Amino acid sequence: MKDLGYYNGTVDGNYGSSTANAVTRFQQTVGLNQNGVATIAMQEALFSTSAPSYTGEAEAGTGNYTTLSPGDTGAAVRRLQQRLTELGYYSGNVNGTYNAATTAAVRLFQVSIGVNETGVATAAVQTRLFAENAPFFEEESEDEEVEGYIELRKGDQGSAVTRLQSRLTALGYYNGEINGTYNTKTVNAVKRFENRYSQPETGVATVRMQRALFADDALPYVSSEPTPTPTPETKQEYTRLSQGDSGAKVKRLQRRLKELGYFTGSIGGNYQRLTIDAVTRFQLAVGLNPNGVATIATQEALFADDAPYYETHNDDSYDISYSELRRGDTGSDVTSLQRRLIDLGYIQDSSAVNAGTYDATTAYAVAEAQAARGYDSVGDVASSEFLQYLFSDAAWDYALIDYEGG
């Protein structure tokens, strides 16, 4: 630091106040968090061949700015948000509150100018931000990249992960370092995004997930609102239930599902296949993630006074012509087929199918249904004869054979 002009004391090996002040001056110059601590990032910048010499310009140039951090409020924060909005880094409300979206925007700007993305708007960062040559946010959205999504998961590295992290940061889901490594923080950010869309929290950035993430209307992260402290009765009433559970709570769940027409088995208190299918049908009816797990949200909707009754589908309501269907076909007949496969439990995640298109998921479900009922398993083709059987009441009788005991 003495070589570069930041330190003017004696080189005595003691980390005193003059050393801390010198570290702070260097951090201010390169845009790092000004805490006087010689972090690894600070030392890497200090000993790099491009480390700047101290001229006093950074200190003089940042005299009009004070460090702003998450939680701060006031006119200075509002001015910061306005500038970040002008440059395309911030899309939230300009309300003078240094919230999560503001932090994410500052981090994106820090990435763009090549400094440590702390999310703290130091005086040095603000000097760069309000400069006339401050860089605009450049989001990679070329057509070839949009069409070139590949599934990403923990352990992956590269530019695709960097782009994923940057987008998650912009929307407020990710608060880690944008380093191109799919780490635990990236997994958790993806889970938060999946949860926002009521999808299973896998932590895997599928192609479908990335298309939603990079869409113009992608939903920003909204932190969970504090919920009232539940009473002991509420805790007992709504406990997450899933396959393998048993007891009084499962009986109560089955009884309510049966009242509404979703459950057709015996109320034995065993959470098995029939209960899973009943919960799935109810989740589909109320727009929840159809995973067959009786989450607290599912049970709140189920036991509500306005919970919908199950609308069974007879042959007429399906409005199908019974003409042979095969992979690649589209139209209302395919939609009716998919609805029937959902009702019979062969498609348990309705979001996995392309409604009205005989896709791979539909073909797989048809093949399963054919094999179970003694037909030649040709999932790519649903013959007229098979369709007539599938839409008959006999199909329901067969579907319940394996569900004894509920």
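A quick note: this is a predicted structure, and the numbers were derived from the prediction, not measured.
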Those residues that, when tested against F130, pass ring pair (Phe, Tyr, Trp, His ring centres under 6.0 Å) (two or more places apart)
Y65
F26 side chain near P52 side chain, heavy-atom distance below 4.5 Å
yes
Side chain proximity check, F263 to R281, heavy atoms < 4.5 angstrom:
no
Check: N270 main-chain N/O paired with Q254 side-chain donor or acceptor under 3.5 Å
yes
State whether the number of non-hydrogen atoms from other residues, nucleotides or ligands found under 6.0 Å of Y364 atom OH is greater than 12.
no
Side chain to side chain contact (heavy atoms under 4.5 Å, CB included) between V279 and L302, intermediate numbers included
CA-CA 9 Å; V279 170; L302 179 67; over 6 Å; no
With rounding to the nearest 0.5 angstrom, report the OG1 to CD distance, T275 to Q272.
7.5 Å
Counting C-beta onward and ignoring hydrogens, is there a side-chain heavy-atom pair between P70 and N99 closer than 4.5 Å?
no
Mind checking whether T357 and V334 have side chains closer than 4.5 Å, heavy atoms only?
no
Checking R327 side chain against D359 main chain: does a donor-acceptor pair fall under 3.5 Å?
no
Check whether any side-chain heavy atom of V161 sits under 4.5 Å from a side-chain heavy atom of T181, and report yes or no.
no
Tell me if a side-chain donor or acceptor on N93 pairs with a main-chain N or O of N95 at a distance below 3.5 Å.
no
For K154 against T184, the heavy-atom pair lying closest together
NZ-OG1, 3.1 Å
Apply side chain to side chain contact (heavy atoms under 4.5 Å, CB included) to the pair V293 and L241, showing each step before the final yes or no.
CA-CA 6 Å; V293 176; L241 300 170; over 6 Å; no
Just checking, is any N or O donor in the side chain of S321 or D333 under 3.5 Å from an acceptor N or O on the other one?
yes
Donor-acceptor pair, side chain of Q210 and main chain of L164, under 3.5 angstrom
no
Which atom of L260 lies closest to which atom of A307, heavy atoms considered
CD1-CB, 3.8 Å
Does Q388 reach the main-chain N or O of S383 with its side chain, forming a donor-acceptor pair under 3.5 Å?
no
Within the side chain of Y358, is there an N or O that forms a donor-acceptor pair under 3.5 Å with the backbone of Q338?
no
For Y182 and V190 the tightest heavy-atom approach is OH-CG2, 3.3 Å
Across all chains, not counting sequence neighbours, the side-chain contact (heavy atoms from CB on, under 4.5 Å) partners of E151 are R153, V204, T206
Is there a side chain to side chain contact (heavy atoms under 4.5 Å, CB included) between V366 and Y346? Walk through the geometry before answering.
CA-CA 8 Å; V366 168; Y346 289 99; over 6 Å; no
Is the side chain of Q81 donor-acceptor paired with the backbone N or O of T102 at a distance under 3.5 Å, no angle test?
no
State the CZ-CG distance between F282 and L288, to the nearest 0.5 angstrom.
7.0 Å
Please check if the side chain of Q165 supplies one atom and the backbone of T186 the other of a donor-acceptor pair under 3.5 Å.
no
F109 and its ring pair (Phe, Tyr, Trp, His ring centres under 6.0 Å) partner, picked from F137, Y89, Y90
Y89
Y197: which residues meet the ring pair (Phe, Tyr, Trp, His ring centres under 6.0 Å) condition with it, sequence neighbours left out?
F193
State, to 0.1 Å, how close I113 and P135 come at their nearest heavy-atom pair, and which atoms those are.
CG2-CG, 3.9 Å
Would you give the length of the straight line joining atom OG of S112 to atom CZ of F136, rounded to the nearest 0.5 angstrom?
11.5 Å
Between R83 and L129 (side chain of the first, backbone of the second, donor and acceptor by atom type, cut-off under 3.5 Å), is there such a pair?
yes
Over-ring placement of R192 relative to Y174, 6.0 Å and 45° cut-offs
no
All side chain to side chain donor-acceptor pair (under 3.5 Å) counterparts of R326, not counting sequence neighbours
E324
Student check: side-chain heavy atoms of L168 and L213 closer than 4.5 Å:
yes
To the nearest 0.5 Å, atom CG of L284 lies from atom OH of Y262 at 9.5 Å
Going by ring pair (Phe, Tyr, Trp, His ring centres under 6.0 Å), name the residues that satisfy it together with Y98, two or more places apart in sequence or in a different chain.
none
Under the ring pair (Phe, Tyr, Trp, His ring centres under 6.0 Å) test, residues paired with F386 that sit two or more places apart:
Y375
Minimal heavy-atom distance between A304 and R256, with the atoms involved, is O-NH2, 3.0 Å
Mark yes or no for whether Q110, through its side chain, and A105, through its backbone, hold a donor-acceptor pair below 3.5 Å.
no
Taking the side chain as C-beta and beyond, is there a heavy-atom pair between V187 and N183 under 4.5 Å?
no
Stepwise side chain to side chain contact (heavy atoms under 4.5 Å, CB included) test for T169 and I178
CA-CA 8 Å; T169 297; I178 300 175; 3.8 Å; yes
In Å, rounded to the nearest 0.5 Å, how long is the span from CG of L219 to CG of L171?
8.5 Å
Does the side chain of N289 come under 3.5 Å of the side chain of Q199 through a donor N or O and an acceptor N or O?
no
The reported gap from OH in Y322 to CG in L387 (rounded to nearest 0.5 angstrom) is 8.5 Å
Inspect the surroundings of CD in E385 and state if more than 12 heavy atoms from other residues, nucleotides or ligands are less than 6.0 Å away.
no
NZ/K258: more than 12 non-hydrogen atoms of other groups inside 6.0 Å:
yes
Of the non-hydrogen atoms in L68 and V120, which two are nearest, and what is the gap between them?
O-CG1, 3.4 Å
Polar side chain donor-acceptor pair, T295 to T298, under 3.5 angstrom
yes
Pairwise side-chain contact, E259 with R255, heavy-atom cut-off 4.5 Å (strictly under)
yes
